[in-house]
Amino acid sequence: MSAAVTGQPVTRLDGRLKVTGAATYAAEFQRPKISYGALIQSDIANGRVAKVDISSARSAGGVIGILARENAPHFRAHPDDLRKPGAPGESHVPLQDDNIYWAGQHLGLVVAETFEDATYAASLVRVTYQAQPPVVNLDDQRAQKTASYPEKFAAREELQVKRGDVDAALAMAAHKIDVVYSTPVENHNPIEAYSTTAEWEAPDRLLIHECTRGIKTLQRIVANAFGLPQENVRIICPFIGGAFGSKAFQWSHTLLAAAAAKLVQRPVKVTLTRPQMFDSAGQRARTQQRFSIGTDQNGKLVALRHATTTHSSPTHEYTESCGNMSRMLYSCPNVEVSHRLVRLNLTTPCPMRAPGETPGVFALECALDELADDIGIDPIEFRLRNYAEIDEHKNRPWSSKKLRECYRRAAEKFGWSKRNKTPGSTRAEDGSQIGFGMATAIYPAGQQKAGATAILNRDGTVTVRSATHEIGTGTYTAMSQFAADSLGLPIEKIRFELGDSQFPYAPNNGGSWLTASVGPAVMGACRELKKKVGELAGNWPTDSEQLSKLFAQAGQEQIQAEFNSEPNKDEREKFSFFSYGSLFVEVHVDPFGQVRVKRAVGVYDMGRMINPRLARSQIIGGLLFGFSAALMESTVPDEKTGRIVNPNFAEYHVAVHADAPEFDIDFIDEPDPHMPDPGARGIGEIGIVGAPAAVVNAIFNATGKRVRDLPITPDKLL
């Protein structure tokens, strides 16, 4: 038996491939007679297409074909479950009508011999419109006419919740606040932009290389759109160059690439430009959140109202679920959470880096700090006085919760006791104002159905397969750790394969559920393989002679076993499953209003640690996302045209290496007894949750200024 590797800081198994350039990403797959596509996009945000003139584009050099409304196939509507109110992704199917809903909407595809030829030809397309003024502002009176109160987030979570009598409790409260927080539109900006290479291997068989963290979902969407058996569509994606929440949902460029490949009878590659990442593939919606909170004389919460206004596109109902954590993060007898949705002429929003939790917990944790300051209670003490011993929204016990320990350890590591409670009273040698701030982190601990296959090869190695994804978080490594320990083999004997829709089913890589979903499937498949080999040979073969005898007895080239895992419904109905954390930051604010996060200390409770090296990396990445959201990120639509003003890295700022503070990240590392073996909960998204609030709270401690509108740019502090 080899030494256990689960729980050890194993180096990324795919790291060398990535740093040497040997890892192949979607845009890097080359096919014989490859051609290139460039999108034709709408210049207006609201109206209809009157005419598309492609004559000049058709005669441009290198052009092979042009896909437009006139020669587009009839795409079937997306499957019903993907078009439900609140389901993420775009329900609008391209090129089926002449309506324009947002600037940048796809109107066709030019296919040429080179990317440059295609791009130039696309610029020659002339579109005549019947235009209407766009609506892109939450406060626009035309938007108010479209307002609705959606029932579900992602067709699952209730968006309108009420318990107790908030109005009566607020009227009697000894301390209360009534404040509004807002967050801007934000866009996914991973290093790798979307890319699709579509190739028809036969009239009824389609191969797609796509950067997607939803292989099985995309396979179903494409097969449905073209009326093909699902197994006739193969999606391949071995590596993803980051996602930021993107790449899991249906957007029209994939269908356009496949349709164009059929039109020109050649493989077609479509890679989005950076500006197209702002208008073609989702975004986080703008939010306005009003908090009315009251406490008794002792600082115990008696009422909490969280009312969110946000937006979706004219074609789909997706809601940024800001209030979900307000339902149960703190103990409070009277709670009302509401979500109000208006329709704007912007691309359909979708999940992005802890959807709902990122803007919602930002506002909640800032409101808690404001109230604690008004009462005169330390922010940690205020949270402890209102610690939720059970999930009061669902009236269930927690599966496991070590949040108190997170507060204690993180505060001690950070040196919270040295914090000067008087805002604006601490300065650095260079004259910058110094502030300390903290916030709670929380994220649901989900699990989905998943499958895996384990295969013993003649050379004694084991190949494990699942149609899951690697977005940079370490799936190859973690799943190999599970397999090695389940089989009692060195990790060098394991080859984990993913990113192919022909492999056993795995869910979209999102919601921080990949490890808890695919891990049990991998472990189960390996246990089944070990059992099957044991039945044939009595024990696991350890040399070539034993292997030869085993395969001779089996009468086959490989020995394999499969396993499908799924959530335990009884456990899920008895307990509430969440991960937790406590984050402390130190900021410096210079005389010109520029904010630097200097230190960040976080302690997190996510069940058992599978790989502390990977876990720390994920938390650091999430924190940088949060600092970026707090201080930099904002997508700006032009109110007259609906077009995005800053669709580039020159004007849409994101945190970079120079913005990284000193990090001190630690974990409780206790298995959750109600999660599947090995007792791990998700890590991917909790890092960003609470991070913007911790920064904002620290800025108040540094300057005495309450800024409730993100991002906090220097002009808001001068």
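Please read these numbers as outputs of a predicted model, since none were measured by experiment. Excluded from the calculations below are hydrogen atoms, water molecules and symmetry mates; all remaining heavy atoms, backbone and side chain alike, are included.
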Look up atom CZ in R353 and atom OG in S246, then write down how far apart they are to the nearest 0.5 Å. 9.5 Å
Could you walk me through whether F362 and C322 pass the side chain to side chain contact (heavy atoms under 4.5 Å, CB included) test, one step at a time? CA-CA 9 Å; F362 147 68; C322 297; over 6 Å; no
Sorted by chain and number, sequence neighbours left out, side-chain contact (heavy atoms from CB on, under 4.5 Å) with A630 holds for P692, V695
Y318 and F153 aromatic centres sub-6.0 Å: yes
Any I208 side-chain heavy atom under 4.5 Å of T254 side chain: yes
Short side-chain to backbone donor-acceptor contact, N568 and E571, under 3.5 Å: yes
On a heavy-atom basis, which atom in R213 and which in G510 lie closest, and how many Å separate them? NH1-CA, 3.4 Å
Residue pair N324, E357: steps toward the side-chain hydrogen bond (donor to acceptor under 3.5 Å, both in side chains) verdict: CA-CA 7 Å; N324 282 1; E357 286 81 12; 5.1 Å; no
Answer yes when E412 and R408 have at least one side-chain N-carboxylate O distance shorter than 4.0 Å, and no when they do not. yes
Could you check whether E392 pairs with R163 (Lys NZ or Arg NE/NH1/NH2 to Asp/Glu carboxylate O, under 4.0 Å)? yes
F625 CZ to I688 CD1 distance, which is reported to the nearest 0.5 Å: 7.0 Å
First locate atom OG of S321, then atom CZ of R327, and finally report the distance between them rounded to the nearest 0.5 Å. 8.0 Å
State plainly whether the residues K530 and E528 are in salt-bridge range, i.e. N to O under 4.0 Å. no
Any chance you could measure I215, atom CD1, to I236, atom CD1, to the nearest 0.5 Å? 9.0 Å
When you check the side-chain N and O atoms of S331 and N386, is any donor under 3.5 Å from an acceptor? no
Aromatic ring pairing F578/W398, orientation class (parallel under 30°, perpendicular over 60°, tilted between): perpendicular
Contacts of K18 that satisfy side-chain hydrogen bond (donor to acceptor under 3.5 Å, both in side chains) - sequence neighbours left out: D14
Is there a donor-acceptor pair under 3.5 Å between the side chain of T463 and the backbone N or O of I455? no
Given side chains that start at C-beta, do those of I380 and M438 come closer than 4.5 Å, heavy atoms only? yes
Pair E365 + R383: basic N to acidic O under 4.0 Å: yes
Closest contact, heavy atoms only, A26 versus E192: N-OE2, 3.6 Å
If you apply the rule salt bridge (Lys or Arg N to Asp or Glu O under 4.0 Å), what do you find for R220 with D81, and how did you get there? CA-CA 11 Å; R220 188 160 66 99; D81 61 312; 2.9 Å; yes
Testing the basics here: between R608 and A680, what is the closest heavy-atom pair and its distance to 0.1 Å? O-CB, 3.5 Å
Do T196 and E210 have side-chain atoms, one donor and one acceptor, less than 3.5 Å apart? yes
What residue pairs, at least two apart or across chains, pass salt bridge (charged side-chain N to carboxylate O under 4.0 Å, His left out) with a residue in residues 667-689? K402-E670, R527-D677, D605-R681, D672-R681
S480 side, atom OG; K493 side, atom NZ - distance, nearest 0.5 Å: 14.5 Å
In plain terms, say whether D391 and R396 are close enough for a salt bridge, that is, a side-chain N and a carboxylate O under 4.0 Å apart. no
For the residue pair T287 / T308, report whether a side-chain donor-acceptor contact shorter than 3.5 Å exists. no
Quick note, side-chain hydrogen bond (donor to acceptor under 3.5 Å, both in side chains) partners involving residues 467-476, not counting sequence neighbours, are none
Report yes or no: does H209 contribute a side-chain atom to a donor-acceptor pair with the main-chain N or O of I235 at less than 3.5 Å? no
Under a 3.5 Å threshold, yes or no: a donor from one side chain and an acceptor from the other, between T440 and Y407? yes
Are Q283 and E186 packed together at the side-chain level, in the sense that at least one heavy-atom pair is separated by less than 4.5 angstrom? no
With a 4.5 Å limit on heavy-atom distance, are the side chains of E157 and K152 in contact? no
Do V337 and Q160 have side chains that get closer than 4.5 Å, going by heavy atoms? no
When you check the side-chain N and O atoms of S628 and E633, is any donor under 3.5 Å from an acceptor? yes
Identify the two heavy atoms, one from P520 and one from T515, that lie closest to each other, and give their separation to 0.1 Å. CD-O, 3.5 Å
Value rounded to 0.5 Å, distance of NZ in K247 from OG in S195: 9.5 Å
For F667 and Y604, take the angle between the two ring planes, folded into 0 to 90°, and tell me which bin it lands in: parallel under 30, tilted 30 to 60, perpendicular over 60. tilted
Give a yes or no on whether the backbone of S517 and the side-chain of Q447 come within a donor-acceptor separation of less than 3.5 Å. no
Main chain of L456, side chain of Q558: is a donor-acceptor contact present, judged purely on distance under 3.5 Å? no
Kindly say whether the aromatic ring centers of F244 and H188 come within a distance under 6.0 Å. no
Who pairs with Q448 by side-chain hydrogen bond (donor to acceptor under 3.5 Å, both in side chains), at least two apart in sequence or on another chain? none
Sidechain N-carboxylate O distance under 4.0 Å for R83, D80: yes
By side-chain contact (heavy atoms from CB on, under 4.5 Å) - contacts of E492 (at least two apart): P490
Residue pair A691 / L583: nearest heavy atoms and the distance that separates them: CA-CD2, 3.5 Å
Between Q481 and N611, does any side-chain donor sit less than 3.5 Å from a side-chain acceptor? yes
Worked verdict on I686 versus I619 for side chain to side chain contact (heavy atoms under 4.5 Å, CB included): CA-CA 7 Å; I686 196 173; I619 293 297; 3.8 Å; yes
Flag the pair K394 and E158 as a salt bridge only when some basic side-chain nitrogen lies within less than 4.0 angstrom of an acidic carboxylate oxygen. no
Are V696 and L710 side-chain neighbours, meaning at least one heavy-atom pair lies under 4.5 Å? yes
H306 and Q289 side chains, donor-acceptor separation under 3.5 Å: yes
Contact between S617 and R12 at the side-chain level, heavy atoms closer than 4.5 Å - yes or no? yes
Please determine, by modelled atom types, if S91 and H316 share a side-chain donor-acceptor pair under 3.5 angstrom. yes
Donor-acceptor under 3.5 Å (W513 side chain, P507 main chain): no
Restricting to non-hydrogen atoms, name the atom on A561 and the atom on A525 that form the minimum distance, rounded to 0.1 Å. CB-O, 3.9 Å
Find out whether F249 and P351 are in side-chain contact, i.e. whether some heavy atom of one side chain is under 4.5 Å from a heavy atom of the other. yes
So, are R599 and E662 salt-bridged, with charged N and O less than 4.0 Å apart? no
Are T453 and Q560 close enough that a side-chain donor and a side-chain acceptor fall under 3.5 Å? no
